[in-house]
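Taking it in order: structure first as structure tokens, then the write-up.
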Amino acid sequence: MPESGPEYRRLPGRGLRRIGRIPLARTSSRLYLGPDHLLSIDSSGYAEQYRRFYYADIQAILIRKTDLGRTWNFVWSALALVSGLLALGVGFAAAIVFASVSAASVLSLLINLARGPTCQAHLRTAVHLEEMPSVNRLPIARKVLAAVKPRIEEAQGVLAPEVLAERLAQGATGAAVASPERAGKSVPWAVPSRVPTVTSSYAGGWHRGLFALLLVDGAETALLLFIQHVSVMLLSSLLTGILSIVAILAVIRQQGSALSRLAKGIAWATLGYLGSNFVLGNVVLVVLSAQEPGIASDQWRYLQLLAEMDPFETPWYLGLLGYSIVTSTCLGLTGLLALRYGQNKGSLAGPAPPASTLPMNRTSP
Amino acid sequence: MSVGVLSCTRCQAPLDRPNLYNTADPVSCPGCGALLQAELFPAAFREESPGPQAENVLVEGESSCFYHPNKKAVIPCEACGRFLCALCDLELRGQHLCPACLERGQQKRALKHLENYRVRYDNLALLVALAPLLAWPFTLLTAPATVFLAVRHWNSPTSYVRPTRVRLVLAIILGVLQMAGWMMGLSYAFRN
């Protein structure tokens with residue numbers, strides 16, 4: 001029999017922890033309740049890393065509700081709506097495809113709603129600040145807290161409210177008495193912030209180009225409603241290609257810049273919109289291949305077929321074009337406004353000095 | 001005495017009011033309004049005790065530390081017996097060890113509560129058994145490799161929290177079945 005370790009109870013929740021700076025590299029993280037410590041196991045499939053947090057050393061647990069769940073609700077709803085509408089205006093075979101996509105989106109939406117709001121949890125010791133990726137939903141956070149808190153209180157005792165108030169008050173005044181140079185500088189524990197520090201002097205040039213191109217794309221797609229010619233389709237394809245490149249460059253350049261969160265978010269949303277266009281384009285290709293086999297390997301014939309279609313006589317095509325026009329125009333307009341007002345509210349500062357690496361600054365006597 | 005307050009993980013606003021902590025329900029951050037639930041424990045206000053300081057040897061002939069000959073020995077290492085000063089004495093769950101024995105114990109997995117990394121050979125064997133099924137011709141090579149891996153690491157540690165050999169057994173079964181499938185297929189092909 002393999003050696004038996006101490007008794008552990010698995011806590012609910014499973015999350016992904018980012019590994020260093022490698023994009024998309026993640027380990028699966030889980031929490032276990034041990035006899036005198038909390039065990040965090042990060043698994044990469046073939047290897048595991050262990051971190052132990054002894055109950056006697058845990059100083060604080062902070063759980064904050066995030067908007068990620070709501071964002072995913074929006075994404076799934078939008079996908080379900082668009083696919084559902086497209087399914088209504090196509091032939092039987094295509095309708096099945098679109099309806100499947102819509103059903104899958106609805107299912108994902110229901111699962112997301114059932115799992116509850118998303119959150120982010122941190123655990124604090126004297127020398128340690130640890131994010132708990134497995135505690136990523138509020139219902140899970142409540143259960144984990146209910147399991148862990150009694151163990152911590154058993155190891156440390158209970159912090160009475162009046163003692164807490166007294167210690168916090170002492171912390172606010174103690175620094176002024178014992179250390180005049182730190183008077184009035186009661187520095188809170190600096191939990192690593194999700195607000196990025198400015199390390200780049202990028203002023204948003206690529207974003208301006210991106211949002212302007214989105215407006216052009218919206219106008220060009222509107223042109224497709226009235227002019228059915230392969231040259232317009234070619235222009236549309238070229239514009240999509242250029243948009244994709246500019247969007248990727250904008251997202252890369254905005255890292256560490258002083259651009260507003262809205263502008264950065266719209267750049268990401270543009271990538272998402274282009275991705276959805278790519279997916280829908282492939283779905284359309286599959287549908288048209290059923291009618292005319294051979295166009296899957298003949299891009300020119302595919303463009304010609306699209307150019308020959310009258311949107312007002314093909315409801316699903318009209319729906320696709322409508323989605324494109326509305327989305328690119330909204331993204332472009334909102335992005336330009338975000339850049340304008342983001343600049344007006346404060347100057348786009350140059351690179352700031354790097355933030356302190358100390359996770360905590362305490363007031364001390 | 002040192003006191004610390006938390007700050008909001010979104011806007012860094014200090015959470016310096018007592019009514020923000022240890023609440024039954026989430027409260028709004030005073031800075032950004034995000035919903036927070038902060039639990040603070042007595043350890044946050046624990047006084048920091050100074051670390052151990054080794055005393056110098058004052059009397060000639062007095063026992064000295066193996067690693068610091070001019071420091072007074074206070075305790076022997078429970079693993080190797082070397083004399084240790086207050087600085088070198090590493091107390092772990094009631095056991096007093098020297099730095100070398102601590103490191104050795106961690107590397108050899110003798111100190112279970114210090115182990116922080118483990119290769120899961122059972123997961124690896126199962127992965128080698130299952131992944132090639134996507135491109136089944138590769139199973140000709142991976143099936144015997146699966147069985148070898150599972151047998152070779154039969155006694156290697158498995159899960160830290162649920163030590164079990166289920167995955168190794170599963171990997172062996174899959175590997176044997178794949179090899180049997182290949183033998184049957186090849187013998188059928190040669191006969192015909």
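Bear in mind that the values here come from a model prediction, so they are computed numbers and not experimental data. Sequence lines set the chain letters: A, B, ... in the order given, protein chains first and strands last, and positions in each chain run from 1.
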Specify the closest pair of heavy atoms between [X] and [Y], including all atoms of both residues, with the distance to one decimal.
X	Y	value
A56(A)	A43(B)	O-CB, 3.8 Å
E115(B)	Y50(A)	O-CD1, 3.6 Å
L6(B)	A60(A)	CD1-CB, 3.8 Å

* Could you tell me whether F41(B) and Y55(A) have their ring centroids closer than 6.0 angstrom? =>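 That pair fails the under 6.0 Å test.
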
* **I41(A) and R118(B): CA distance, side-chain angles, deciding distance, side-chain contact (heavy atoms from CB on, under 4.5 Å) verdict** => CA-CA 10 Å; I41(A) 298 184; R118(B) 183 182 280 191; over 6 Å; no

For [X], does the [atom1] atom have more than 12 heavy-atom neighbours from other residues, nucleotides or ligands under 6.0 Å away?
X	atom1	value
W72(A)	CH2	no
F53(A)	CZ	yes
F190(B)	CZ	no

* To the nearest 0.5 Å, tell me how far D57(A) CG sits from R46(B) CZ. =>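 So the CG of D57(A) and the CZ of R46(B) are separated by 6.0 Å.
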
* **Reported OG1-to-CG distance for the pair T66(A) and L35(B), which is rounded to 0.5 angstrom** => 11.0 Å

* Proximity of residues 136-154 of chain A to chain B, residues having a non-hydrogen atom under 4.5 angstrom -> L145(A), K149(A), I152(A)

* Can you tell which of C29(B), P42(B), A34(B) has the highest number of heavy-atom pairs within less than 4.5 Å of chain A? -> P42(B)

* Heavy-atom pairs under 4.5 Å with chain A, option from R162(B), R17(B), Q37(B) with the top count -> Q37(B)

* Asked: Side chain, backbone, both or neither: which part of V158(A) has an atom under 4.5 Å from a heavy atom of chain B?
  ->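 Looking at V158(A), just its backbone touches chain B.
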
* **chain B contact via D36(A) - side chain, backbone, both or neither, heavy atoms under 4.5 Å** =>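 Looking at D36(A), just its side chain touches chain B.
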
* Asked: Of all of K65(A), Q49(A), R52(A), which one pairs up most often with chain B through heavy atoms under 4.5 Å apart?
  -> R52(A)

* Asked: Stepwise, does the side-chain contact (heavy atoms from CB on, under 4.5 Å) test hold for L39(A) with Y160(B)?
  -> CA-CA 10 Å; L39(A) 177 69; Y160(B) 186 84; 3.7 Å; yes

* Relative to chain A, which segment of L168(B) carries a heavy atom at a distance below 4.5 Å: side chain, backbone, both, or neither? ->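 For L168(B), neither part sits under 4.5 Å from chain A.
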
* Before giving the answer on side-chain contact (heavy atoms from CB on, under 4.5 Å), spell out for D16(B) and L168(A) the whole-Å C-alpha distance, their side-chain angles and the decisive distance to 0.1 Å. => CA-CA 7 Å; D16(B) 50 6; L168(A) 286 176; 5.7 Å; no

* Please report the C-alpha distance between L159(A) and Y21(B) in whole Å, then the side-chain angles of each, then the deciding distance to 0.1 Å, and finally whether the side-chain contact (heavy atoms from CB on, under 4.5 Å) criterion is met. => CA-CA 10 Å; L159(A) 191 61; Y21(B) 294 98; over 6 Å; no

* Asked: So which bits of residues 120-129 of chain B come within less than 4.5 Å of chain A, counting non-hydrogen atoms only?
  -> R120(B), N123(B), L124(B)

